[in-house]
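No experiment lies behind these values; they were computed from the predicted model shown. Every number for a ligand or one of its atoms is a count from 1 in the order of the listing.
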Amino acid sequence: MDDKLLLMIPGPTPVPEEIRLSIAKPPISHRSQVFSDLFSEVTEGLRWLHQTQADVYILTASGTGAMEAGIVNVLSPGDRVLCGVNGKFGQRWADMADAFGLHCERIESPWGVPYATEDFQAKLESDPEKTIKAIILTHCETSTGVLNDIQPIARLAQVHGEALVIVDGVTSVGAIPVLMDEWGLDIVVSGSQKAYMLPPGLGFVAVSQRALGACERSKLPKYYWSFLLAARDLSKGFTPFTPSINLIYGLQSALQKMQKEGLESLFHRHRVLAAALQSGIKALGLSLVATPESAASPSVTAVYYPEGIDGDHLRHFLIKEFNIAIADGQDAWKNKIFRIGHMGFVQKRDIITTLAALESSLSALGYQSIMRGCSIEAALQEMKG
Ligand SMILES: *Cc1c(COP(=O)(O)O)cnc(C)c1O
């Protein structure tokens, strides 16, 4: 019954059958008119999804490849950058900045706690020489289920005037509004296996005009990731190198599905499902990692394992008994928290099923304080709106 696996992890996420079938088409030449038409259509679709007039490049990579592209194209060795770190993915940005020889200052908050805008403000306002070249942020911190409020930080960067705003939107684009142009974001990266309803393999990078200007001055080495090459070919309807043609067929199908639903409904669906899940979790007496709870993301929810419950047992029980996959914590947070992904191809049924299975698994493993059905009742209340 492998095809009944309910994938409730924060990526890869479930892929609808119509999208899987579109990926099964025979490959075509990536230098043909047919491809160019397909590529132009998905590029327009990506602009719509990113709510931007900017270029959105499609890279053959996972999300981390898109992150690396975002760094090497606009910065130079020794550049001073501020990096927001409050979880695994912020840490990844900072490690990457170090790896490329940038002068990286980590602006830290504890795991589970959103960025403090004042910390960025203090640094930006005491930089009259404009030495800060970029602010590097993670919108949704997937390791803790925290949605960072990046808009006020982006506004500060605009006032600063020099710092580019580079954002990891991997678990936000397609699930949560990311108003690239309105907020003044310069680079937004994402990946196909999160809210796009696609398998892993494509990275996306939206690049502002200002960032393209920085590409001309950037001195970090790059070749495969070059935005300037991507920009040159995008205007002709092509990619510099052989793209994952079949995943781009899938992307066409995914964007059509999203457009049929409409952006507002799509965001609304994610908000309601997250509220329902989070309410059900709390009804079980469990605690969200996000502090305050209002910072809990609409795309992924992280929860502390209750006292006396072994994390591995719980997750294996959910797989064995119900064929539902949830994720463990990462790094030092392994066996301390679990994470449930609810982005992309998810509906109310998935949330109700997951809560019911979680409630009964906890109960079977000896967790006491459960009034049977309480999580379902709480979730249904939220779903009523
Ligand atoms: C999944 C994810 C990534 C990308 O990871 P890959 O394994 O390279 O696709 C980056 N940032 C965040 C916040 C993520 O959730």
Side-chain angles (χ1 to χ4, degrees), residues 7-15 50 57-72 83-97 99 106 108-109 111-115 135-150 153 165-178 185 187-206 224-225 244 247 250-251 254 270 274 289-290 295-302 325-331 333-334 337-346:
L7 207 51
M8 297 298 289
I9 60 175
T13 63
V15 180
H50 287 76
Y57 306 124
I58 302 175
L59 308 175
T60 307
S62 79
T64 308
M67 291 166 71
E68 181 162 322
I71 297 253
V72 299
C83 187
V85 178
N86 61 344
K88 167 103 181 163
F89 291 96
Q91 186 65 50
R92 183 174 295 180
W93 268 135
D95 291 347
M96 199 180 267
R106 289 159 169 77
E108 301 197 56
S109 303
W111 283 42
V113 177
Y115 296 154
I135 314 281
I136 306 179
L137 306 171
T138 303
H139 191 195
C140 171
E141 179 48 79
T142 313
S143 60
T144 58
V146 164
L147 186 69
N148 286 307
D149 189 9
I150 58 172
I153 303 172
V165 182
I166 303 178
V167 175
D168 176 340
V170 178
T171 44
S172 60
V173 175
I176 302 163
V178 184
L185 312 180
I187 293 183
V188 178
V189 308
S190 52
S192 55
Q193 82 276 27
K194 304 292 173 93
Y196 286 84
M197 302 182 284
L198 288 168
L202 295 182
F204 306 100
V205 197
Y224 188 63
W225 297 139
S244 177
L247 282 177
L251 175 62
H270 282 86
V289 173
S297 171
S299 57
V300 48
T301 299
I326 63 170
D328 197 16
Q330 294 165 290
D331 297 348
W333 290 54
K334 276 194 197 314
I337 64 170
F338 63 88
R339 296 173 303 138
I340 298 178
H342 34 89
M343 65 195 120
F345 191 47
V346 279

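The salt bridge (charged side-chain N to carboxylate O under 4.0 Å, His left out) test applied to D95 returns R106, not counting sequence neighbours. Partners of A99 according to the side-chain contact (heavy atoms from CB on, under 4.5 Å) rule, which considers only residues two or more places apart in sequence or in another chain, do not exist here. Taking the ring pair (Phe, Tyr, Trp, His ring centres under 6.0 Å) definition, one finds that Y57 meets it with F227, sequence neighbours left out.
With respect to D328 and K334, no salt bridge is recorded, no charged nitrogen being found less than 4.0 Å from a carboxylate O.
Closer than 4.0 angstrom to ligand 1 lie heavy atoms from S62, G63, T64, M67, F89, R92, C140, T142, D168, V170, T171, Q193, K194.
Between H50 and Y196, the ring-plane angle classifies as tilted under the 30° and 60° cut-offs.
By the 4.5 Å heavy-atom criterion applied to side chains, V205 and I187 are counted as neighbours.
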